[in-house]
Amino acid sequence: MTTRPGIDTPDHRGRTGLDRAGLDLDRNPGVVVRDVELTSRGWHVLRRTTFDYRRRDGRWVTQQRETYDRGNGAVVLPYDTARGQVLLTRQFRYPAYVNDHPDGMLVEAAAGLLDGDDPLAAVRRESAEELGVTLGPLTHVLDAYMSPGSVTERLHFYAPYTPADRTGDGGGLEEDGEDIDVLELPFADALAMIRDGRITDGKTILLLQWAALEGPFAPAAATGPHR
């Protein structure tokens, strides 16, 4: 009998049943999943799913969609309102480089995949590895699907830190291929980097704008307690 890693036997990440994702979905009566085909199962998984979809006029149509499943992640914006600073990272991102970014060096909020952890544990792990920061209490900001047309990933967003929280050098894990600069920036400078194109990462833009509009650097925060 032929065994199929990731389907009926564990793959290199211990996963099975990768071809069954979505077959039991029934939360939307206007969607019936018919078939799931694995087209790639490397570190992450690419599937082609066939489903019936009921249009607004009541007609049923059959559609296919490819979905890229890389797992969910968590992202954090450590900030210090007393000094008006935020901590960000800078690292090389080949997908951005091959798609017209000048040098592929993206300025980002620290983030990573959950890899089996809950979001809080994951974001604390990534902050320690990438920023050298041991985070204290955290504020949950929001959850968001960052590219819902094709990528299943949902990001959990968190946002403070003080100089005492910096317990290491950061820089990421060399064994994971990471080579990360830690940037401590005035919050106003970080916002300016969005406007002039030096920050082009979506999750980072979202967190910085949250901080400016309703978070710790919002005008109302100057007269009330920080969120």
Side-chain angles (χ1 to χ4, degrees), residues 13-15 43-44 69-93 95-96 105-147 151-187 189-191 193-194 199 201-218 221 225-227:
R13 295 185 67 183
R15 301 170 299 187
W43 188 253
H44 306 310
D69 183 354
R70 61 192 302 271
N72 293 329
V75 56
V76 66
L77 178 68
Y79 59 82
D80 180 353
T81 51
R83 298 186 302 127
Q85 303 279 321
V86 294
L87 278 181
L88 299 172
T89 69
R90 180 169 53 215
Q91 59 184 306
F92 178 68
R93 296 296 201 185
M105 302 299 296
L106 262 64
V107 176
E108 305 177 38
L113 296 178
L114 302 188
D115 286 336
D117 288 335
D118 64 69
L120 274 172
V123 85
R124 292 183 187 282
R125 179 193 71 224
E126 294 299 325
S127 293
E129 293 175 359
E130 296 189 2
L131 300 171
V133 168
T134 302
L135 293 171
L138 288 169
T139 297
H140 176 249
V141 177
L142 54 87
D143 297 335
Y145 296 94
M146 300 304 292
S147 186
V151 181
T152 62
E153 179 185 32
R154 179 176 58 170
L155 274 181
H156 305 272
F157 289 75
Y158 293 90
Y161 85 106
T162 67
D165 295 330
R166 299 197 67 174
T167 55
D169 296 329
L173 298 179
E174 185 174 352
E175 58 266 32
D176 288 345
E178 295 176 330
D179 180 28
I180 299 171
D181 291 332
V182 180
L183 307 179
E184 185 173 51
L185 299 172
F187 180 70
D189 290 357
L191 285 183
M193 292 170 72
I194 297 174
I199 291 180
D201 173 66
K203 63 182 180 296
T204 307
I205 293 171
L206 194 157
L207 273 174
L208 289 171
Q209 291 186 341
W210 163 82
L213 293 174
E214 54 179 300
F217 298 100
H226 298 314
R227 293 184 57 180

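The structure presented is a predicted model; accordingly, all values stated were derived computationally and were not measured.
- Between H44 and R13, the closest side-chain pair of non-hydrogen atoms falls below 4.5 Å.
- For the atom pair L135 CG and R124 CZ, the distance stands at 6.0 Å (nearest 0.5 Å).
- Checked by atom type and distance alone, the side chain of T204 pairs as donor or acceptor with a backbone atom of A109 at under 3.5 Å.
- With sequence neighbours excluded, the residues that form a ring-ring contact (aromatic ring centres under 6.0 Å, His included) with F92 are Y97.
- T89 meets the side-chain hydrogen bond (donor to acceptor under 3.5 Å, both in side chains) test with no other residue; sequence neighbours excluded.
- Looking at heavy atoms from C-beta onward, P78 lies out of side-chain contact with V86 at the 4.5 angstrom threshold.
- Under the 30°/60° scheme for interplanar angles, the aromatic rings of F217 and Y79 are found to stand perpendicular.
- With a 4.5 Å cut-off on side-chain heavy atoms, F187 and L208 count as touching.
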Name the atoms and distances for all side-chain donor-acceptor pairs under 3.5 Å in residues 114-122, with sequence neighbours left out.
from : atom 1 : to   : atom 2 : distance (Å)
D117 : OD2    : R125 : NH1    : 2.6
D118 : OD1    : L120 : N      : 3.0
D118 : OD1    : A121 : N      : 2.9

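- Residues D80 and R83 approach most closely at OD2-NE, 2.7 Å, considering heavy atoms.
- Of all heavy-atom pairs between A190 and L88, the closest is CB-CD1, 4.4 Å.
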Just distance, no hydrogens or angles: give the donor-acceptor pairs under 3.5 Å from side chains in residues 69-77, sequence neighbours left out.
from : atom 1 : to   : atom 2 : distance (Å)
D69  : OD1    : G71  : N      : 3.0
D69  : OD1    : T152 : OG1    : 3.3
D69  : OD2    : R47  : NH1    : 3.2
R70  : NH1    : E153 : OE1    : 3.1
R70  : NH1    : E153 : OE2    : 2.8
N72  : OD1    : R154 : N      : 2.8

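- Rounded to the nearest 0.5 angstrom, L191 CG and I199 CD1 are separated by 8.0 Å.
- Separating the CG atom in D201 from the CE atom in M193 is a distance of 11.5 Å, to the nearest 0.5 Å.
- With sequence neighbours left out, the side chain to side chain contact (heavy atoms under 4.5 Å, CB included) criterion links M146 to A144, L155, F157, K203.
- Under the salt bridge (Lys or Arg N to Asp or Glu O under 4.0 Å) criterion, R93 pairs with E108, not counting sequence neighbours.
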